[in-house]
Amino acid sequence: MRARVILVSIAATAAAAIGAGCMAPLLEPLEPQLVFRPRALAGEHVKALAGTARVEEVRLATTDGLRLHGWLKRPERWTPGKPHRLVIVYGGVGQEISEFVSVAHARPDWGWLTINYRGFGLSEGSPSERAVLGDAKIIYDWATARPDIDAANIVVLGRSLGTYVAIAVAAARKVRAAILATPFDSAAALGEEHYRVPLGWLVQSRYNPALMAPMVSAPALFLLAEKDEVTPVKNGLALARRWGGLVKTVLLPGAGHRGVENREEFWASIGEFLAALDEGALTGATGPSAPESSTGRSSAR
């Protein structure tokens, strides 16, 4: 329930702004309180992660002098000094992305990078759409510059609001693929879905991944939660229809918006997708289709 309220708060704020005669740029100062709502990382969790095998603590400086905090989890099968494949995770509303470190698994030869945007966890600064997108690109650039990471095999994974961030990176940088878990087409569309108020003219291009989706030619895995009331399946499918590359859609039966990363079928679907990348099986596109259950079937277009 909390995630639903926060994610569509852009739309609610916009509705209030209509009566006040405000325009979209005036919504930005409200973003840290209404959109991101960062949650701190417990000290004991930090100590536990720092002592975990194959996990490296990362503190990354931004161009404006702030520090981002996160973790690099090495693959199970990795030879030190040899570049390895990597999935970069971009979290959603109020999500301390370090939580992904302990649960992330899919393929033994892929590593995981989980670095918070500014204002999240141990990272500094005040989050906003502009700042977060800048941070996301800095995180990607940091990863590609490392000699122990295979820059040609980087996949971006976004969760909820983080799907917008991942798409922005995929549109601005060269990625091997994208994994979009509980995605949405635009904040305006979510606002109209939840509040029945036409907000597109006011929100315009803000938080609008559907505008960037056609620019991305990399293949994408769309993980949709069947009972998602925050980012409904139909909004995820609307985004998938605008994607510029191959799309594979998987429906997680019975799943709601929260906790999908704790379901084994979530990771199994990601593992199958990464395996297909390794095998070069994701090379073409067919006509659009609806998602199928993750119990063994999926759809591609």
If I take atom [atom1] from residue [X] and atom [atom2] from residue [Y], how far apart are they, to the nearest 0.5 angstrom?
X	Y	atom1	atom2	result
Leu68	Ile138	CG	CD1	6.5 Å
Leu157	Leu86	CG	CG	11.0 Å
Asn208	Met212	CG	CE	7.5 Å
Glu272	Leu221	CD	CG	9.5 Å
Asn235	Ser186	CG	OG	7.5 Å
Leu113	Trp71	CG	CH2	12.5 Å

[Y] side chain reached by [X] side chain, heavy atoms, under 4.5 Å:
X	Y	answer
Val260	Leu223	no
Leu224	Leu252	no
Arg85	Arg176	no
Val156	Leu180	no
Leu237	Leu239	no
Asp148	Lys82	no
Tyr164	Tyr90	no
Leu60	Ile139	yes

Do [X] and [Y] get their side chains close enough for a donor-acceptor pair, meaning under 3.5 Å?
X	Y	value
Glu76	His105	no
Thr182	Arg159	yes
His257	Asp228	yes

| task | Using side chain to side chain contact (heavy atoms under 4.5 Å, CB included) as the criterion, point out the one residue from Ile154, Asp150, Ile88, Ile149 that pairs with Thr144. | result |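 Filter result, single survivor: Ile154.
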
| task | Begin with the C-alpha distance, continue with both residues' side-chain angles, and end with the deciding distance and a verdict on salt bridge (charged side-chain N to carboxylate O under 4.0 Å, His left out) for Arg107 and Asp278. | result | CA-CA 10 Å; Arg107 296 279 292 174; Asp278 291 344; 3.4 Å; yes

| request: Decide salt bridge (charged side-chain N to carboxylate O under 4.0 Å, His left out) for Asp141 and Arg173; before the verdict, give the C-alpha distance in whole Å, the side-chain angles of both, and the deciding distance to 0.1 Å. | output: CA-CA 9 Å; Asp141 293 342; Arg173 302 289 190 269; 2.8 Å; yes

| request: List for me each residue that meets salt bridge (Lys or Arg N to Asp or Glu O under 4.0 Å) alongside Glu56, sequence neighbours excluded, and say none if there are none. | output: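 In terms of salt bridge (Lys or Arg N to Asp or Glu O under 4.0 Å), with neighbours along the sequence ignored, Glu56 is linked to Arg74, Arg146.
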
| said: Can you list everything that forms a salt bridge (Lys or Arg N to Asp or Glu O under 4.0 Å) with Asp135? Sequence neighbours excluded, please. | reply: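 With sequence neighbours excluded, Asp135 shows a salt bridge (Lys or Arg N to Asp or Glu O under 4.0 Å) to Arg118, given in chain and number order.
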
| Taking the six-membered ring where the residue is Trp, are the ring centres of Trp78 and Trp112 under 6.0 Å apart? |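 No: the rings miss the under 6.0 Å criterion.
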
| Common cluster, Trp267/Ile97, ILVMFWY with side-chain heavy-atom separation under 4.5 Å |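 Trp267 and Ile97: one cluster.
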
| request: Report yes or no: do Val58 and Leu66 belong to one cluster of Ile/Leu/Val/Met/Phe/Trp/Tyr joined by side chain heavy-atom distances under 4.5 Å? | output: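 No, it is not one cluster - the side chains of Val58 and Leu66 are not joined through contacts under 4.5 Å.
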
| Whether Trp243 and Phe222 hold their rings parallel, tilted or perpendicular, with breakpoints at 30° and 60° |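 If you compare the ring of Trp243 with that of Phe222, the planes turn out perpendicular.
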
| message | Could you go through Ile179 and Val155, starting from their C-alpha distance and side-chain angles, then the distance that decides it, and tell me whether this counts as side chain to side chain contact (heavy atoms under 4.5 Å, CB included)? | response | CA-CA 7 Å; Ile179 300 172; Val155 171; 3.9 Å; yes

| request: Determine, step by step, whether Val55 and Leu72 satisfy the side chain to side chain contact (heavy atoms under 4.5 Å, CB included) criterion, reporting the C-alpha distance in whole Å, the side-chain angles of both residues, the deciding distance to 0.1 Å, and the verdict. | output: CA-CA 6 Å; Val55 174; Leu72 173 61; over 6 Å; no

| Does the distance from a Lys or Arg side-chain N to an Asp or Glu carboxylate O, for Arg59 and Glu57, drop under 4.0 Å? |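 A salt bridge links Arg59 with Glu57.
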
